[in-house]
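Letters go in sequence order (proteins before strands), and every chain restarts at 1.
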Protein chains: 2
Amino acid sequence: MPSRPGIPRPTAARVSLYLRELERRLEQGQATIRSRELGHSLGLTDTQVRKDLGHIGHLGFPGVGYRIEDLIARLRFLSGTDRGWRTAVVGVGNVGRALLSYDRFETEGFRIVAAFDSDPRKVGTRVGDHEISSMDRLGEFVQDRGIRIAIVATPPDAAQDAADALVEAGISGILNFAPRRLEVPPPVVATEVDLGMSLLQLALQVRIATGDLLEIADESSKAAPMRARSIRR
Amino acid sequence: MPSRPGIPRPTAARVSLYLRELERRLEQGQATIRSRELGHSLGLTDTQVRKDLGHIGHLGFPGVGYRIEDLIARLRFLSGTDRGWRTAVVGVGNVGRALLSYDRFETEGFRIVAAFDSDPRKVGTRVGDHEISSMDRLGEFVQDRGIRIAIVATPPDAAQDAADALVEAGISGILNFAPRRLEVPPPVVATEVDLGMSLLQLALQVRIATGDLLEIADESSKAAPMRARSIRR
DNA sequence: CAATGTGAATGTATTCACAGCT
DNA sequence: AGCTGTGAATACATTCACATTG
């Protein structure tokens, strides 16, 4: 039920990796690439690259490799970034400001066409090229400007309300920077970038990589089944 | 070879999710939680929660559930966030500034104890509580202040040099916000948060969820094997 | 009795091995 | 000859089913 739409989830997650590397190579004037080469740059095996690209279309030439330009065109088409996703930012605090100034979105196929904040003192001011609008006008803007994706960068307490308003306005996807899970009804999609969680995951990997917690984790995995412990601390 | 250190990777990736939800519940005064409940809040099954927590230690009480406080203590211990990771930010542009102002890191077990930038005009200025230092002093600070984790938020061209300097200085992990893959020698760990990639992944999920590309993806998956195509465009 | 912890069964992703194409 | 695309084999993760515990 979660989704079997042709492209396996892990493959979909790697599409953006492929795209970034391919564009780097194209810039450097490279015209074709072999699966081995691409995989090596990305820390993947050649087989995995071919399987992934196989899910996406038959674009390789045996004995030659893949034409980078065609592959990019295909991936951009699949992700819709060839047509420019119209995007809104909701919540203009520290993070929101950084996002509004992040010029790279444009070249990657996303155009920020509106910014909203609930603080009346911010409404009407500008950040970079963007004028901040009142949350009241969200429905109107989403409709008029064809906005399909929103970035939520409000404080955590305001995030779900913002999401509800966005869903109500007819948005299709939300990228959430507030550190809490958002509830959205299907087929709306919400994904999350939690800076604290990213750091914590890194920290855990560091502890694993440096071997700090090898015994700790093992000790408890293979202990006697249901061994007695007191519920008192 | 990649790592089999007791805790499976997908489980490790969920640890931060568990922690965030558990802390929310603890704040609200909840003392214990059942796997079903926790899973429901996170979009996971009860079995999955129990398997994950089983990898981490035997902290559940049949018929009762898990003591939230103990579970948090355990997860914080595992991730080392109970002792406060000393962290540096390298690159103080839009993103770096947002990170330096992001007060949540502190409560989540990370303390930013230094900020660096290669631009001499920025050196000596302050962002929030943090004074910006010259890159020359990186080795010195890392040593003196016990820095083990760094956040790289430089422009892409400077990111690998920054990473090399950090590795040289003896850092253990890097969280990279620059849109390119960093090479680091083991056991140093580098993970990535690429805002453009996050948006692209969301866009792809939106297209999958809305069914926009069902036929597109399928068409090519089951086509005749190795059908002829010209390499001319 | 109600919930955990865990082997067994299932489902999914990755890797292998090689047929088929240019 | 060299590389892609892909079934078959393997490895891994999730789910099921239930014995075990507080």
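- Relative to the side chain of B:H58, the nucleotides D:dC3, C:dG5, D:dT21 differ in distance, and C:dG5 lies closest.
- Ring pair A:F110/A:W85 is parallel by interplanar angle, where below 30° counts as parallel and above 60° as perpendicular.
- The cationic group of A:R207 lies under 6.0 Å from the six-membered ring centre of B:F77 and within 45° of the ring axis, placing it in a cation-pi geometry.
- As judged by a 4.0 angstrom heavy-atom cut-off over every strand, A:R50 is placed among the base-contacting residues.
- Separating the CZ atom of A:R9 from the P atom of D:dA13 is a distance of 15 Å, rounded to the nearest angstrom.
- The 5' end of DNA chain C is approached more closely, in terms of each residue's nearest nucleotide, by B:S35 than by the other of A:D52 and B:S35.
- Mapping A:R14 and A:G63 onto DNA chain C by nearest heavy atom places A:R14 at the nucleotide closer to the 5' end.
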Check: Can A:Y18 and A:D52 be said to form a side chain to side chain donor-acceptor pair (under 3.5 Å), step by step?
Finding: CA-CA 10 Å; A:Y18 292 132; A:D52 282 344; 2.5 Å; yes

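- At a threshold of 4.0 Å, the pair A:R34-A:E37 counts as salt-bridged, since one of the basic side-chain nitrogens sits closer than that to a carboxylate oxygen.
- If you take CZ of B:R36 and P of C:dC1, they are 18 Å apart, rounded to a whole angstrom.
- Applying the side chain to side chain donor-acceptor pair (under 3.5 Å) rule to B:S41 yields the partners B:E21, B:R25; only residues at least two apart in sequence or on another chain are considered.
- With rounding to whole Å, A:I33 atom CD1 is found 14 Å from D:dC3 atom C1'.
- Salt bridge annotation for B:R181-B:E192: absent, with no cationic side-chain nitrogen under 4.0 angstrom from a carboxylate oxygen.
- Distance CD1 (B:I68) to C1' (C:dT4): 16 Å, rounded to an integer number of Å.
- Closest to the side chain of A:Y66, from the set C:dT15, D:dT4, C:dG5, is D:dT4.
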Next item on the list: Go through the steps for A:L200 and B:E108 under the test side-chain contact (heavy atoms from CB on, under 4.5 Å), then give the verdict.
Entry: CA-CA 8 Å; A:L200 194 139; B:E108 300 197 3; 5.9 Å; no

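- At whole-Å resolution of the value, CZ in B:F61 and C1' in C:dT4 are 11 Å apart.
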Pairs under 3.5 angstrom, nitrogen or oxygen only, protein versus nucleotides 7-11 of chain C, please.
| unit_1 | atom_1 | unit_2 | atom_2 | d |
| --- | --- | --- | --- | --- |
| C:dG7 | O6 | B:K51 | NZ | 3.2 |

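- The CD-C1' distance, from A:Q48 to D:dC12, rounds to 13 Å in whole Å.
- Between the CG atom of A:L59 and the P atom of D:dG5 there is a distance of 8 Å, rounded to whole Å.
- Separating the CG atom of B:L44 from the C1' atom of D:dA13 is a distance of 13 Å, rounded to the nearest angstrom.
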